[in-house]
Amino acid sequence: MVRVRFAPSPTGYLHVGGARTALFNWLFARKMNGKFILRIEDTDLERSSEEFEFLILDSLRWCGLDWDEGPDIGGDHGPYRQSERNKLGIYQNYAKKLIDLKKAYYAVHDLENPKEVILKTFEWPENYFKKGHDVTIKFKVEEGETSFNDLLKGKMKFSNDIFDDLVIIKSNGFPTYNFAVVVDDYLMKITHVIRGEDHLSNTPKQIMIYQAFGWELPEFMHIPLILGRDRSPLSKRHGGTSINYFREQGYLSKALMNYLAILGWSVEEEIFDYKDKIENFSLNSISNKSVIFDYQKLEWLNGKHLRKMEIEDLFGIFHNWLLNFRKDDAFILENHNKDYIMKVMEICREKVNTLVQLLEMVKPFLIDEYEYSEEYIKSFISETRSLEILKKALDDFKDKEFKNIEDIRTLLENVAKELEIKKRVVFQIIRGALLGKLITPGLFESIKVLGKNRTIQRLKRTIEIGGSWLKNVSP
RNA sequence: GGCCCCAUAGGAUAACGGCUAGUCCAUCGGAUUCUCAGUCCGAAGGUCGGGGUUCGAUUCCCCGUGGGGCUGCCA
């Protein structure tokens, strides 16, 4: 049975790189009918926090990556938080076993200069401890070579003399990363360790520990890192990096996962729902090269997903997003029936890539006191016959029914024809009159969705307000 | 400094050792008898450098260069 894990440390938000690692683990587990385990590596007391743990789980859920065992749901190999495991004495016990095997020792550190070890012993150095010396447990690195096979990199070989003896239990009694991972991966029966390439050089250290215990090695696979535009590690400098950031910026989890999947994974068809790709997934189609995060491609992909999904699903996601991240704008959905809103969204999504952009596009349809953009006011004023255009359109709309796009087109083209003004000009003046902006969904479609009453009201409103713009600039 | 990983257009990828190095994003140009941030069409742009092996190298080997990682009582 395949068992893989994702083991974040709760010292920050979930990073896209972490999410990608989690995604590949998840995909592999699902494909192999195995288990995906979530373990929290909170052995760094200084930097770890419960809030970050909460946020990481929240982000993972948003991504749709569900786990079979974890700190919140438990499992047969718990607990799943290293701090809790430490309380049970798990790491201490295993460290003592290594001491019994003479493969690790107590290291007594100098009082003044804690980096210096003044005594190595297999017996607990109670006297020194009482006097206030730091005491750690260090793993003894033997001479020789450590090699392993990496699923992506192939055969790896390290000479042991590049490693010093490594601390496995800190003076505060907590295990270090390299020790805790080994003990936990062993106890949790992890079969495949799939993680970022930044751990490649740690692997031989961990393998030495496996070997000291006589434990069977899992498979290892180190996937390349995600970099920013300048090839330095992706950081806030390059833009947002946390899952939460992209969520807040109006990206869909499906799209973000899709992007993380194709980033360094060659596929025939680029746009997909990653949950449909479980069967096709294979570890060896993952690229072996670090990759640069391309915000533009992500946005493009997000637009594709936005346009492709069921409008009702999009409505739900949009509504939710407003409530979570744009509380001040959430009111726009009130006092409208869902049907109208969905029709609005249907035509607006054709032009946008993110929920942020969608919000801007949708807003004027849902607010009667919509604002007028400066560009519109400017072009309204510079076109001397603006008011005339709007009045003519108003008159024509009043006594005509318009049920389909063609009727609306005919009517508007007729306005232009009779006034002998270019269609483009007429349409732009009317567009802005109805929605306050010069960039909107198709004008005829917009009018159809607005309906007769709103259209007429809005024409009247702009005629009134537009009059005052003209007065203000009169010579 | 030491050890390790990586290298095809600006970014992501494709090409049993063999056609003119293919595709997606971005860029530029055109179209969409209404806007464009949407859609369609088109263009430009690449095998990091130097040595080998070979009839033939993007592909295999060596060196260099560049980028990245590790080198913590961080993970």
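Each chain gets a letter, A, B and so on, in the order the sequences are listed, and its residues count up from 1.
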Is the centre of the A/F246 ring less than 6.0 Å from the centre of the A/F293 ring?
yes

Indicate whether OP1 or OP2 belonging to B/rG11 is found under 4.0 Å from a side-chain N or O atom of A/R231.
yes

Please report the distance separating the P of B/rC4 from the corresponding atom of B/rG45, rounded so that it comes out in whole Å.
40 Å

A/I169 CD1 to B/rC73 P, in whole Å, measures 13 Å

Measure the distance from CG on A/N353 to C1' on B/rU39 and round it to the nearest whole Å.
12 Å

Pairing nucleotide - B/rG1, Watson-Crick or G-U, each distance under 3.5 Å
B/rU71

Between A/D134 and A/K170, does at least one N-O distance fall below 4.0 Å, as a salt bridge requires?
no

So what does A/I262 hit on the nucleic acid, given a heavy-atom distance under 4.0 Å: a base, only sugar-phosphate, or nothing?
sugar-phosphate

So does A/K351 reach the base of B/rU35 with its side chain, donor to acceptor, closer than 3.5 Å?
yes

Which part of the nucleic acid, if any, lies within reach of A/H109 when heavy atoms closer than 4.0 Å are counted: base, sugar-phosphate only, or nothing?
base

Considering only B/rC6, B/rC34, B/rC25, which nucleotide approaches the side chain of A/K153 most closely?
B/rC6

Choose from B/rG38, B/rC74, B/rC24 the nucleotide whose nearest atom is closest to any side-chain atom of A/D44.
B/rC74

What nucleic acid atoms does A/F444 come within less than 4.0 Å of, heavy atoms only: base, sugar-phosphate, or nothing?
base

Under 4.0 Å between any heavy atoms, over every strand shown, what does A/N288 touch: base, sugar-phosphate, or nothing? Just pick one.
sugar-phosphate

Roughly how far apart, to the nearest Å, are B/rC24 and B/rC48 at atom P?
22 Å

Where the side chain of A/R229 is defined as all heavy atoms beyond and including C-beta, which of B/rG11, B/rU13, B/rC70 is the nearest nucleotide?
B/rG11

If you look at every strand shown and take non-hydrogen atoms under 4.0 Å, does A/G432 touch a base, only sugar-phosphate, or nothing?
nothing

Geometric class of the A/W124/A/F129 ring pair [parallel <30°, tilted 30-60°, perpendicular >60°]:
tilted

Please compare A/Y259 and A/E413 by the position of their nearest nucleotide in RNA chain B and report the one closer to 5'.
A/Y259

For nucleotides B/rG10 and B/rC28, find the distance between their P atoms and express it as a whole number of Å.
16 Å

Report the nucleotide, chosen from B/rA75, B/rA12, B/rU35, that has the shortest atom-to-atom distance to any side-chain atom of A/N202.
B/rA75

Side-chain-base donor-acceptor pair under 3.5 Å for A/H199 and B/rC70:
no

Among the nucleotides B/rC25, B/rU35, B/rA12, whichever has the atom closest to the side chain of A/D294 is B/rC25

Distance, nearest 0.5 Å, that separates CG of A/L260 from CD1 of A/I243
6.0 Å

May I ask you to evaluate whether A/R195 reaches the phosphate of B/rA75, defined as a side-chain N or O under 4.0 Å from OP1 or OP2?
no

Think A/K277 forms a cation-pi with A/F281, using NZ or CZ under 6.0 Å from the six-ring centre and within 45 degrees of its axis?
no

Using a heavy-atom cut-off of under 4.0 Å over every strand shown, decide if A/P233 touches base, sugar-phosphate, or nothing.
sugar-phosphate

Could you check whether A/K138 gets within reach of a base, just the sugar-phosphate, or nothing at all, counting any heavy atom under 4.0 Å?
nothing

Roughly, in whole Å, what's the span from NZ in A/K304 to P in B/rG38?
9 Å

I'd like to know if A/S201 reaches the base of B/rG69 with its side chain such that a donor and an acceptor end up less than 3.5 angstrom apart.
yes

Taking the C1' atom of each, how far is B/rG72 from B/rU54, in whole Å?
49 Å

Mind checking if A/S171 touches a base, just sugar-phosphate, or nothing, with heavy atoms under 4.0 Å?
base

Watson-Crick or G-U counterpart of B/rG18, or none if no pair lies under 3.5 Å
B/rC55

Which nucleotide in the set B/rA75, B/rG68, B/rC34 lies at the smallest distance from any side-chain heavy atom of A/R47?
B/rA75

With a distance cut-off below 6.0 Å to the six-membered ring centre and an angular limit of 45° from the axis, does A/K131 pair with A/Y128 as a cation-pi contact?
yes

Compare the minimum distances between each of B/rA37, B/rC34, B/rA75 and the side chain of A/Q357, then state the nucleotide with the smallest one.
B/rA37

Using a cut-off of 4.0 Å on non-hydrogen atoms, how would the nucleic acid contact of A/S287 be classed: base, sugar-phosphate, or nothing?
sugar-phosphate

NA contact type, A/M361, heavy-atom cut-off 4.0 Å: base, sugar-phosphate, or nothing?
nothing

Atom-pair distance (NZ on A/K289; C1' on B/rG46), nearest Å:
11 Å

Starting at CG of A/L227 and ending at P of B/rG66, how long is that distance when rounded to a whole Å?
17 Å

Under 4.0 Å, heavy atoms only, any strand: does A/L443 hit a base, just the sugar-phosphate, or nothing?
base

In whole angstrom, give me the gap between the C1' atoms of B/rC34 and B/rG22.
38 Å

Any strand counts, and the cut-off is 3.5 Å on both contacts for Watson-Crick or G-U wobble. Which nucleotide pairs with B/rG49?
B/rC63

Using atom CD of A/E350 as one end and atom C1' of B/rA37 as the other, report the distance to the nearest whole Å.
13 Å

Below 4.0 angstrom from OP1 or OP2 of B/rU33, is there any side-chain N or O of A/K417?
no

Is there a donor on the side chain of A/D198 or the base of B/rA75 sitting less than 3.5 Å from an acceptor on the other?
no

Can you tell me the distance, in whole Å, between the CZ atom of A/F174 and the P atom of B/rA75?
10 Å

Quick one: on RNA chain B, does A/E445 or A/Q296 contact a more 5' nucleotide (nearest heavy atom)?
A/Q296

Residue pair A/R231 / A/S290, side-chain donor-acceptor N/O under 3.5 Å
no

Taking the six-membered ring of A/F318, is the NZ or CZ of A/R326 close enough (under 6.0 Å from the centre) and on axis enough (within 45°)?
no

May I ask you to verify if any side-chain N or O of A/K205 is less than 4.0 angstrom from the OP1 or OP2 atom of B/rC70?
no

Side chains of A/Q428 and A/R431: donor-acceptor distance under 3.5 Å anywhere?
yes

With sugar-phosphate meaning primed atoms plus P, OP1 and OP2, does A/T43 contact a base, only sugar-phosphate, or nothing at under 4.0 Å between heavy atoms?
sugar-phosphate

For B/rC3 versus B/rA44, give the span between their C1' atoms, rounded off to a whole number of Å.
43 Å

I need the CD-P distance between A/E270 and B/rC24, as an integer number of Å.
8 Å

Under 4.0 Å between any heavy atoms, over every strand shown, what does A/I162 touch: base, sugar-phosphate, or nothing? Just pick one.
sugar-phosphate

Could you work out the separation of B/rG66 and B/rG29 based on their P atoms and round it to a whole Å?
37 Å

Considering all heavy atoms of both residues, which atom of A/T462 and which atom of A/A433 are nearest to each other, and what is their separation?
OG1-O, 2.7 Å

Mate of B/rC40 where both pairing distances stay under 3.5 Å, Watson-Crick or G-U:
B/rG30

Distance criterion of 3.5 Å, no angle test: do you see the side chain of A/K297 paired donor-to-acceptor with the base of B/rC24?
yes

What integer number of Å spans the P atoms of B/rC63 and B/rC55?
24 Å

At under 4.0 Å between heavy atoms, what does A/L200 touch on the DNA or RNA strands: base, sugar-phosphate, or nothing?
sugar-phosphate

